[in-house]
There are 2 protein chains.
Amino acid sequence: MISKIISIIESRRDTLTSSEKKAADFVLSNGSEILNMTVSEFSNSCKVSEATIIRFVKKLDFDSFQDFKLSIASDNESMKNYEDIDTTINREDTPQEIIKKVELGIIRAIESTTTITDYSEYVKAINYIRSAKRIEIYGVGSSGAVAKVLNYKLTRLGFPAFAIEDPHMQAISAATMKTGDLAIGISQSGSTIDVVDSLTIAKKHGATTICITDHVNSPVTKFSNIVLQTFSKENPIKTSAGRSIVAQIYSVEILAAILNSVEYEKAEKAGKETAKAVVNKLY
Amino acid sequence: MISKIISIIESRRDTLTSSEKKAADFVLSNGSEILNMTVSEFSNSCKVSEATIIRFVKKLDFDSFQDFKLSIASDNESMKNYEDIDTTINREDTPQEIIKKVELGIIRAIESTTTITDYSEYVKAINYIRSAKRIEIYGVGSSGAVAKVLNYKLTRLGFPAFAIEDPHMQAISAATMKTGDLAIGISQSGSTIDVVDSLTIAKKHGATTICITDHVNSPVTKFSNIVLQTFSKENPIKTSAGRSIVAQIYSVEILAAILNSVEYEKAEKAGKETAKAVVNKLY
DNA sequence: ACAAAAACTGAAATTTTATTACAAATAAGA
DNA sequence: TCTTATTTGTAATAAAATTTCAGTTTTTGT
């Protein structure tokens, strides 16, 4: 089981100032020792001011320093084994070890995403999807694949969604959006120029905008009415974005599941019809 | 459920004075609600003085009221018992419940896939990928998205892979394959006509074939030299293929991770070059 | 039954701890 | 380079926990 506080810190890391990061690092390396510390002891240990500590815990969305400590206490036990298992893949790992590490990495990404998930943002997103006249989904690279998955799911649920991977087509299509339309941008980094630009254009033309991203403080969030944050942490497999793809698909899956629940009749009907449509495409 | 604190109170019950017992009873019946109370709120709730509360917690051997609260908090950890939870999503589920069920469903799919994973098939697959002159990946529908992810990953690792989603292009391209080439078919059901046909054509022309599928006894496995099986179970969200997509991506991720390990220099080099290539596509 | 001692209790004072206000310092733009 | 915004720590303030102490109740021995 993952420690809640670690994923919260990881997910907010880029919103922290440099002295707040000192506090964050102290938490990550000293964990539960904070439980028997006061604000000023904590601040002395990190060589920052007391005010910084307070600002730090407030930035992580805790009501108070006590609240912060209670949260650490409640996942105290889990914290220990979190540090034990390293999912970094080394050259000398056997295939079995690699598979175990990939598995653990993915599970952690999922659990961390749950931890940082803001239910209300999903509920808001769902309402926009339900009422949208037209839904466009923008993504390039690996996020393009996620865009397609969302496209697939929304279509099977009976919603008028289209994924666009070509940046030119994104921009062109975004320019034709109107009030009541919905643009969904998917970008792991949140800094993909094409997706940010397309979303900006869509918003300028009156569309509501949603983004699915790891980085809550990235350019893409500035032009998004709703931010669905997935888990972000440096990836041990540097050349691939594995974990975050799974987290993004998880996010898509959540949207589909809630939609399926709140639009049950519609989804049921669309599901049957779309299933019938592909039945002769199977052996 | 708080448990530790309950047994402490029970064991000390007869040492408590009558007003301390009021405090004890409040703890027993209101449990973790105390977590967001101050000493004086707690004392008001029990109709005793603040001093009594302090004496009460000290009598239970806690260093301080905060210490007492931290103990309740760590006790309070709602031990989520995975096995017991049914992931079937019902109409009346709240968004929070839905998210939890989706999460659990995905984690189970991942864990189950690990269980049925045949390491040696992956090792064989890796060797074919390493030596292939040309790699084509076939998938339609949601498996098309998975095909794109595999395409993305292999390319970033420096392997000549191309995903083809259009069934006509798949067939045409498959017909041009030669010995030493590799065709990878992705089909959740294993019965997708287009993918099965494309793989058959590729094999007939001398290519080695790999499939990623949930169903080990499906048509697609008959024309595959290697079968990478992912988890299959009836999906609670009937209209979407959520779980199996994640399992398939997991499978793709395993391939990428092992490849990254066995072809370290090549992957490192390709990773750097491809990262450089996209750097000016980010803000 | 009745003192006297012991134990208990709560209001208020004190101490400790957390939070805020503000001004200095640093960084970022124009 | 100057201006503006952000970050940061110090000091003041607020809040919360703890202790003190005087008054009250209970217990115990006669």
Side-chain angles (χ1 to χ4, degrees), chain A residues 5 8-9 12-27 30 32-74 190-191 196 215-219 221-223, chain B residues 5 8-9 12-27 30 32-75 282-283:
Chain A
I5 199 75
I8 292 175
I9 289 177
R12 301 281 163 87
R13 193 169 199 84
D14 46 2
T15 75
L16 300 178
T17 66
S18 64
S19 51
E20 283 163 1
K21 281 205 183 81
K22 287 182 196 167
D25 291 338
F26 188 85
V27 176
N30 299 70
S32 55
E33 279 177 43
I34 289 154
L35 292 182
N36 24 37
M37 285 185 174
T38 66
V39 170
S40 59
E41 284 167 344
F42 185 7
S43 71
N44 288 335
S45 303
C46 324
K47 306 271 190 297
V48 299
S49 71
E50 301 179 7
T52 297
I53 298 296
I54 299 296
R55 282 186 292 252
F56 167 66
V57 300
K58 292 273 168 76
K59 206 174 248 184
L60 298 182
D61 274 348
F62 294 100
D63 296 338
S64 64
F65 182 67
Q66 293 302 335
D67 187 32
F68 171 73
K69 289 217 291 189
L70 289 172
S71 176
I72 292 180
S74 72
S191 301
V196 174
H215 297 279
V216 79
N217 243 5
S218 59
T221 63
K222 294 193 178 62
F223 306 101
Chain B
I5 203 77
I8 292 175
I9 289 175
R12 302 282 165 86
R13 192 169 199 86
D14 42 3
T15 75
L16 299 178
T17 68
S18 67
S19 53
E20 284 163 359
K21 281 205 183 78
K22 286 183 199 165
D25 291 339
F26 188 85
V27 175
N30 298 71
S32 54
E33 275 178 48
I34 289 153
L35 291 182
N36 26 33
M37 285 185 173
T38 67
V39 169
S40 60
E41 284 167 345
F42 185 8
S43 70
N44 289 335
S45 302
C46 322
K47 304 276 191 295
V48 299
S49 71
E50 300 178 8
T52 298
I53 298 297
I54 299 297
R55 283 186 291 257
F56 166 67
V57 300
K58 293 270 168 82
K59 206 174 248 182
L60 298 181
D61 276 347
F62 294 100
D63 296 338
S64 65
F65 181 68
Q66 291 304 335
D67 188 32
F68 172 74
K69 289 216 294 188
L70 289 173
S71 176
I72 292 179
S74 68
D75 228 20
L282 300 177
Y283 273 114

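Fair warning: this is a prediction, and the values are worked out from it, not measured in the lab. The sequence lines fix the lettering, A, B, ..., with proteins before strands; numbering per chain opens at 1.
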Students often get this wrong, so: under 4.0 angstrom with heavy atoms, is A:K22 touching a base, only sugar-phosphate, or nothing? nothing

Salt-bridge present (A:D63, A:K58; N to O < 4.0 Å): no

Hey, is A:D67 close enough to B:K69 for a salt bridge, meaning N to O under 4.0 Å? no

Would you kindly give the CD-to-P distance between A:E41 and C:dA18, to the nearest whole Å? 8 Å

Once you build an axis from the first five pairs and another from the last five of the helix from C:dA1-D:dT30 to C:dA30-D:dT1, how far apart in angle are they, to 10 degrees? 20°

Provide, to the nearest angstrom, the distance between the CZ atom belonging to B:R55 and the C1' atom belonging to C:dC8. 7 Å

Of the candidates C:dT9, D:dA17, D:dG9, the side chain of B:T17 sits closest to C:dT9

Figure out the CD/P separation between A:E50 and D:dT10, and round it to whole Å. 9 Å

Nearest to the side chain of A:S19, heavy atoms from C-beta on, is which of D:dT8, C:dA18, D:dA16? D:dT8

Side chain of B:K58 only, please: which of D:dT19, D:dT8, C:dT19 is the nearest? D:dT19

Polar side chain donor-acceptor pair, B:S49 to B:T52, under 3.5 angstrom: yes

From the list D:dA17, D:dT10, C:dA18, which nucleotide is the closest neighbour of the side chain of A:A51? D:dT10

Under-4.0 Å side-chain N/O to phosphate OP1/OP2 contact, A:T52 with D:dG9: yes

How long is the line joining CD1 of B:I54 and P of C:dT16, in whole Å? 14 Å

Considering non-hydrogen atoms only, spot the tightest contact between B:M37 and B:F65 and give its length. O-CE2, 3.8 Å

Select base, sugar-phosphate, or nothing to describe what A:S64 touches, counting heavy atoms under 4.0 Å on all strands. sugar-phosphate

Taking B:A73's backbone N and O only, do any of them form a donor-acceptor pair with A:S74's side chain (distance below 3.5 Å, no angle check)? no

Expressed as a whole number of angstroms, how long is the span from A:F56:CZ to D:dT6:P? 21 Å

Can you see which heavy atom on B:A23 is nearest to which on B:I53, and at what distance? CB-CD1, 3.9 Å

Spacing between B:K69 atom NZ and C:dA18 atom P, to the nearest angstrom: 11 Å

Over 60° means perpendicular and under 30° means parallel, so classify the ring planes of A:F56 and A:F68, tilted if in between. perpendicular

Considering only C:dT9, D:dT8, C:dA18, which nucleotide approaches the side chain of A:F65 most closely? C:dA18

From D:dA16, C:dA18, D:dT18, nucleotide with atom closest to B:T38 side chain: D:dA16

Would you kindly give the CD-to-P distance between A:Q66 and C:dT19, to the nearest whole Å? 7 Å

Does B:K22 use its side chain to pair, donor to acceptor, with the backbone of B:V48 at less than 3.5 Å? no

Rounding to a whole Å, what distance do you find between B:F62:CZ and D:dT18:P? 13 Å

When you measure from the side chain of A:S18, which nucleotide among C:dT20, D:dT8, C:dG10 comes out closest? D:dT8

